[in-house]
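Working notes, beginning with the structure itself.
So that the names make sense, note that chain A is the first sequence line, chain B the second, and so on, each numbered from 1. Everything numeric in this text was worked out from a predicted model, so none of it was measured.
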Amino acid sequence: MLSIKNLHAKIDDKNILNGINLEVKAGEVHAIMGPNGSGKSTLASVIAGKEEYEVTDGDIYINGESIEELSAEERAHKGIFLSFQYPVEIPGVSVTNFIKTAINETRKAKGEKEMPAKEMLKLLKDKSSLLEIDRKFLSRSINDGFSGGEKKRNEIFQMAMLEPSIAILDETDSGLDIDALRIVANGVNKLKSSKNAVILITHYQRLLDYIIPDYVHVLHNGKIVKSGTKELAIELEEKGYDWIKEEVKN
Amino acid sequence: MDLKEKLVSSFIAFENQVDIDSYVHDIRTEAIKSFEDSGFPTKKNEAWKYTSLKQVLEPDYSIFPRQNKALEYAKIEKYLIDDIDSYKIIFVDGKYSSHLSETTHEGMDICLMSSVLNKPKYASVIENYFNKAVKKDGISDLNTAFSKEGAFIHIPKNKYVEKPIQIIHFSSGNESSLMLQPRNLIIVDENSQLQIIERHQNLSENEVLTNSVTEIFVNPKSIVDYYKIQNDNKQASLIDTTSIVQERSSVCTLHTFSFGGKLTRNNLTFSQNGEHIESIMKGITIIEDKQHVDHNTLVHHIKPNCESHQDYKGIFDDKSTGVFNGTVVVEKEAQKTNAFQANNNVLLSDKASINTKPQLEIFADDVKCSHGCTIGQLDKNALFYLKSRGIPEKEAKALLMYGFANNVMQSVKIPELKKRITNIIANKLGVKIGFNL
């Protein structure tokens, strides 16, 4: 489904990704862990198509097709979704208005008709209750004055509405209390299917207690230096990252 | 002969068309003298530092248009808010068009300046109000000198006017270049309520210069909502002087939507003559090419316990230019004044510019006054956020600009008007997205 081959990327002449290889198949959950500054968020931004990053080598494929030349919106139309580590506040644009526009623009890009208003309303209702979101929240401006937890819940709510095939959750667990974490994880688990894939970017093993990964990868200096199963996450939680850094050195 | 000389020498011809033995004509005579002395403002005048009329004054304008051209309703329909019941005072080339209008004298006067100026019945109203609100300067003097037509609205006390009033000035293109000088007088007596929508529209590619003066008197406890739609074509220039006098416990809100025109200058003045007055000024300016919009506001806080709020948003593309010059004067007696002023701007191009200058002159010591100006670009992170959800660049930018201007839209009280303005914005930004929330 998603295939990353020898991906190198830089920003302002600073190399951040130094040859990432990753294969993600439908139905899988991959966790990407790693110390601060290892390139986790950059990887997420590069997959989503943030223009500030320049891909210097390698490529990203979705279902065998390169997405290197595609804009962020075209990647979204192909089913990529990024849950932001720091969701952006946009005063004056309501959550509902934003999501309606996102859904209908995606449909338009695929040559489909706009979603009928009634269907849209039902979808908004169903998905907001899945994330235990108050309806009033939907008429507020996007992330404007939202608490950290509300912002993250809003991200997963958007994911639920847009039904992406590849969802990348960038530190969705940070800033969440245990109840909010449970709600968010529960939402992701319900959205998971054999047809989509989830990439979890996280510092801590905590989230992985709720969303069980099939694979765990450790990113260090812009490279995946170790891959394993969920046991690797537990080991990292106990021992930290230093032993991996040592292993890489040797 | 330049335009000033032409105007001054035309005054004698103008006198043949009006009743010269009247109270108003004495004022006109005085005004033409003042105009002869001062002429049009130039950039040497501090208040006109960033707006030059030079180019706008060049064409050889017709000052007295020929007989008006009858316009078909179908041709002007799209400029009306026609999905609501409203009074309409419509002018074509400066002349009243009765077949397009809907006026009344039943229990209130919603009619024409020309029909009241010389009638004994209205003599005392004219003497009490005409030319009493407007600040005297070259531009307004010129309008006063030639004033004979425009809207006259007098609402008696305790009257809630349910239907909004639309005042629209069309220019048909009958003249190769035309100068219009509408003069409106609006008086709202105690405890009444009124909504007005004003628009100027050039229907041809011929040059039009409009020098409009509107005086509004908001008597105690009255509420007035005034909306100006400035979305004219690139051959039309507008100098709009609107002077508002408010009495105690009244509320007056004025929205200015400046979306088009060659040059647009708004001189907006509020004078607060009593306590517990609220004056609200809001504006959205979205322009491109070489268009120019200048907002010059003055709020005069004279009495204690009053408020004023100004919120102007501007979006400038290409080589367009904007000016915001907002003055707030708080007199010594005007304690407990709350005055707020904000002017936020987004420049979409390197060649667009905005000159913004807030001025506070405070003589009282117990007041809350604030002002703030910002000039920026669209937030790149916000743009990426929207795009990452599948919203294309153009639509994402439009959504951000709409969001930027949205708090001004929130205070538009006529839903059909809000919808119309939203559509104008969407059209301007070249997008088809329903901002209907």
Side-chain angles (χ1 to χ4, degrees), chain A residues 44-45 47-53 70-84 86-110 114 117 120 138-144 151 154-155 158-159 161-164 168 170, chain B residues 257 282-286 311-315 342 344-346 372 374 376-412 418-419 421-423 425-426 429-437:
Chain A
S45 296
I47 299 172
K50 196 168 187 182
E51 283 160 14
E52 281 86 339
Y53 294 96
L70 299 186
S71 63
E73 60 267 32
E74 288 166 327
R75 295 178 195 211
H77 300 155
K78 297 250 178 238
I80 291 180
F81 177 89
L82 170 62
S83 167
F84 281 56
Y86 304 109
V88 185
E89 297 185 6
I90 306 179
V93 180
S94 72
V95 173
T96 309
N97 209 359
F98 167 49
I99 290 178
K100 276 186 182 173
T101 310
I103 288 179
N104 284 329
E105 289 299 331
T106 301
R107 287 185 155 223
K108 219 195 275 174
K110 290 180 183 165
E114 287 198 356
M120 185 76 79
L138 300 179
S139 55
R140 286 169 60 186
S141 291
I142 308 164
N143 298 320
D144 190 18
K151 284 182 183 170
N154 185 25
E155 293 294 285
Q158 291 171 36
M159 170 183 162
M161 291 294 294
L162 293 165
E163 297 180 331
I168 306 157
D170 189 5
Chain B
F257 299 101
K282 301 213 170 199
I284 302 177
T285 302
I286 306 177
D311 190 355
Y312 284 85
K313 309 273 188 199
I315 299 173
N344 307 105
N345 301 289
V346 172
T374 60
Q377 280 87 38
L378 290 181
D379 180 355
K380 270 191 181 166
N381 287 326
L383 204 55
F384 174 59
Y385 188 69
L386 295 178
K387 288 172 71 177
S388 78
R389 299 300 183 250
I391 302 174
E393 174 128 351
K394 197 160 123 190
E395 280 72 13
K397 280 184 173 168
L399 209 53
L400 287 181
M401 288 189 253
Y402 182 75
F404 169 74
N406 194 26
N407 66 333
V408 171
M409 294 300 299
Q410 291 303 327
S411 51
V412 175
K418 198 179 199 169
K419 204 172 139 193
I421 289 165
T422 308
N423 285 342
I425 296 177
L429 303 176
V431 293
K432 268 193 178 167
I433 38 181
F435 306 114
N436 51 353
L437 290 166

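Using a 4.5 Å heavy-atom cutoff, the side chains of A:Phe98 and A:Ile90 are not in contact. Side-chain contact between B:Tyr385 and A:Glu89 is absent, with no heavy atoms from C-beta onward closer than 4.5 Å.
Residue A:Tyr86 places its OH atom among 12 or fewer non-hydrogen atoms of other residues, nucleotides or ligands, all under 6.0 Å distant. Dense packing is recorded around NZ of A:Lys151, with more than 12 heavy atoms of other residues, nucleotides or ligands lying under 6.0 Å away.
Neither the backbone nor the side chain of B:Asn407 comes within contact range of chain A; no heavy atoms are under 4.5 Å apart. For chain B, the nearby part of A:Glu52 is the side chain; its heavy atoms alone come within less than 4.5 Å. At a 4.5 Å heavy-atom cutoff, the contact between A:Ala48 and chain B is made by backbone and side-chain atoms alike. For a residue to count as touching a neighbouring chain, one of its non-hydrogen atoms must lie under 4.5 Å from one of that chain's; by this rule A:Ile142 touches chain B with the side chain only. With a 4.5 Å cut-off on non-hydrogen atoms, A:Asn143 touches chain B through its side chain but not through its backbone. Of the atoms belonging to A:Pro164, not a single heavy atom falls under 4.5 Å from chain B.
Under the side-chain contact (heavy atoms from CB on, under 4.5 Å) criterion, A:Thr106 pairs with A:His77, A:Lys110, sequence neighbours left out. Partners of B:Ala342 by side-chain contact (heavy atoms from CB on, under 4.5 Å), not counting sequence neighbours, listed by chain and number: B:Asp311, B:Asn344.
Between chain A and the residues B:Lys387, B:Glu393, B:Arg389, the largest count of heavy-atom pairs under 4.5 Å involves B:Arg389.
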